[in-house]
Protein chains: 2
Amino acid sequence: MTHRHVPDATVARLPQYLRSLVEEAERGRATVSSERLAELGGVNAAKVRKDLSHLGSYGTRGVGYDVEFLVYQIRRELGLTQDWAVAVVGVGNLGRALAGFGGFRARGFQVVALFDDDPAKVGRRIEGIEVRPTAELASLAAERQVQIGIVATPAEVAQDVADALVAAGVTSILSFAPTVLHVPEGVVLRKVDLSMELQILSFHSSHQPQLAADRAARPG
Amino acid sequence: MTHRHVPDATVARLPQYLRSLVEEAERGRATVSSERLAELGGVNAAKVRKDLSHLGSYGTRGVGYDVEFLVYQIRRELGLTQDWAVAVVGVGNLGRALAGFGGFRARGFQVVALFDDDPAKVGRRIEGIEVRPTAELASLAAERQVQIGIVATPAEVAQDVADALVAAGVTSILSFAPTVLHVPEGVVLRKVDLSMELQILSFHSSHQPQLAADRAARPG
DNA sequence: GTTTGTGAACCACTTCACAGCC
DNA sequence: GGCTGTGAAGTGGTTCACAAAC
């Protein structure tokens, strides 16, 4: 319950706990044990307890955790008590999917600006928001107080886009571009790389020859 | 150079090294040092050397690594010397984006089947492939020798879809559904969760108040 | 002189196991 | 008796630093 500094590994699991807790609340449960949370999140109970202990001593021995209270504490820790303004740069298939993704708004992430340099896309409206050229990124992102930028452009322009986002005051970037991005100190960067994910799957599949063969050979 | 068992952390970086190496090859470089690879991949040179040493002793002291040779070795280790047949389940915005993603085919991942239960989508063709109802998953995935399944459905049906994929002989699953999935031993599961990524960004942003304030206050 | 490959030291995270509190 | 919170032990990964090879 030192409470100062939550390990990265813990932070990465908090959203999962939050989701499980919200589901438990919807089922009408008032309290939940670390055992139950572990089961729902697919992890080990000791880990749940240690993770939660980094936020504070919010459990009750012999009882468990109060669901509503813990939901509030995790939301607060994650910074979800405020809404976040998001800009999506690049409205190809993926960018459009992201712009329209319902899970964002439901969790307090609101897409407020869309950018693309394809003349065929500029001016179009997606989910009620007009697509603007990236030349306007600096002014528009600042004006709309964008805090989070999502990069869904081809790799070649991703670094320029990231630079423009940083210049516009954006301090958090989520990139889907298949390239390494460099951002200044203090800007948080996370990356999702689809073909990298598939290549990792490929590795693991290739190294399970017996199982793969078993399954291929099993009856219809 | 023990070569047996490559750590997970190393496997996760191999695709990045591979990409950097291919780019170096395109620039006409015949050899590359761990220092250079580290710079391109945004990591530390000692880590590159240790990672590569898990595959074998493929470098030359005083010289570096032969680019073409290392590309081949990493490809082989990742199982990319064969093509992989991929099925995408759920052709909403995200599923369509994935089905059309050029980066997959370029790396040997070919989408060979699409599934969705929305009657408005069944029968439509996307990238030349007809969307079929998930009831046909078992037969069609087996028939087309699908090895990798991508789950891009709502959370509610994701577990059923995963079960159906496993039953059809799929041994690797990449899920975009915002829920915990359970798969039997021997099936590899990876997960990409968009709102979780944003929540992690939110945490880091919230815990940099001074920097956020600085940037908001800066001129221009 | 240059750069790899790798023991050794270090660090972060996980898991165990149990004291402490309900 | 049940369940949390946490020191201590264990595990896996990173970084250092240098001998070996070119």
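Hydrogens, waters and symmetry mates play no part in the numbers below; they use all other heavy atoms, side chains included.
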Let me know the distance between NE2 of B:His5 and C1' of D:dG13, rounded to the nearest Å.
-> 11 Å
Out of D:dA17, D:dA21, D:dG13, minimum distance to the side chain of B:Pro7 belongs to D:dG13
Within the side chain of A:Gln159, is there an N or O that forms a donor-acceptor pair under 3.5 Å with the backbone of A:His182?
-> yes
Between C:dT6 (C1') and B:Leu55 (CG): distance, integer Å | 15 Å
Whole-Å distance separating the CG atom of A:Asp51 from the P atom of C:dA12 = 16 Å
Closest contact, heavy atoms only, B:Asn44 versus B:Ala38 | C-CB, 3.7 Å
Hey, can you tell me if B:Phe109 and B:Trp84 have their rings parallel, tilted or perpendicular (30° and 60° cut-offs)?
-> parallel
Side-chain N,O (B:Ser34) to OP1/OP2 (C:dT3) below 4.0 Å = no
side-chain N/O A:Thr60 vs D:dT4 OP1/OP2, d < 4.0 Å | no
Can you check whether A:Arg49 has a side-chain N or O nearer than 4.0 Å to OP1 or OP2 of D:dG7?
-> no
Check the side chains of B:Gln16 and B:Ser20 for a donor-acceptor pair under 3.5 angstrom, ignoring hydrogens and angles.
-> yes
Nearest-angstrom distance from the residue atom CG of B:Leu37 to C1' of C:dG5 = 15 Å
Roughly how many Å is it from NE2 in A:His54 to C1' in C:dT14, rounded to a whole number?
-> 11 Å
Hey, is the side chain of B:Tyr58 poking within less than 4.0 Å of OP1 or OP2 on C:dT3, counting only N and O atoms?
-> no
With no angle test and no hydrogens, is the base of C:dT3 tied to the side chain of B:Arg61 by a donor-acceptor pair under 3.5 Å?
-> no
Go through C:dT4, D:dG13, D:dG5 for me and flag the one nearest to the A:Ser53 side chain.
-> D:dG5
Option passing side chain to side chain contact (heavy atoms under 4.5 Å, CB included) with B:Ile173 (candidates B:Val89, B:Ile148, B:Val151, B:Ile150) | B:Val151
Output the single nucleotide from C:dT4, D:dA8, D:dT14 whose closest atom is nearest the side chain of B:Arg13.
-> D:dT14
Select one nucleotide: of C:dT15, D:dT15, C:dG5, the one nearest the side-chain heavy atoms of B:Lys50.
-> D:dT15
Quick one: B:Arg29 CZ to C:dT3 P, roughly how many Å, whole number?
-> 12 Å
Please indicate whether B:Arg19 has more than 12 foreign heavy atoms, meaning atoms of other residues, nucleotides or ligands, lying under 6.0 Å from its CZ.
-> yes
Side-chain atoms of B:Ser33 come closest, of C:dT3, C:dG5, D:dG13, to C:dT3
Is any side-chain nitrogen or oxygen of A:Lys47 closer than 4.0 Å to OP1 or OP2 of C:dT14?
-> yes
A:Asn44 or B:Ala46: which one's nearest nucleotide on DNA chain C is closer to the 5' end?
-> B:Ala46
May I ask you to evaluate whether B:Tyr65 reaches the phosphate of C:dT2, defined as a side-chain N or O under 4.0 Å from OP1 or OP2?
-> no
Nearest whole angstrom, please: distance from the P of D:dT14 to the CG of B:Asp8.
-> 11 Å
Please report, rounded to the nearest Å, how far the P atom of C:dT4 is from the OH atom of B:Tyr17.
-> 12 Å
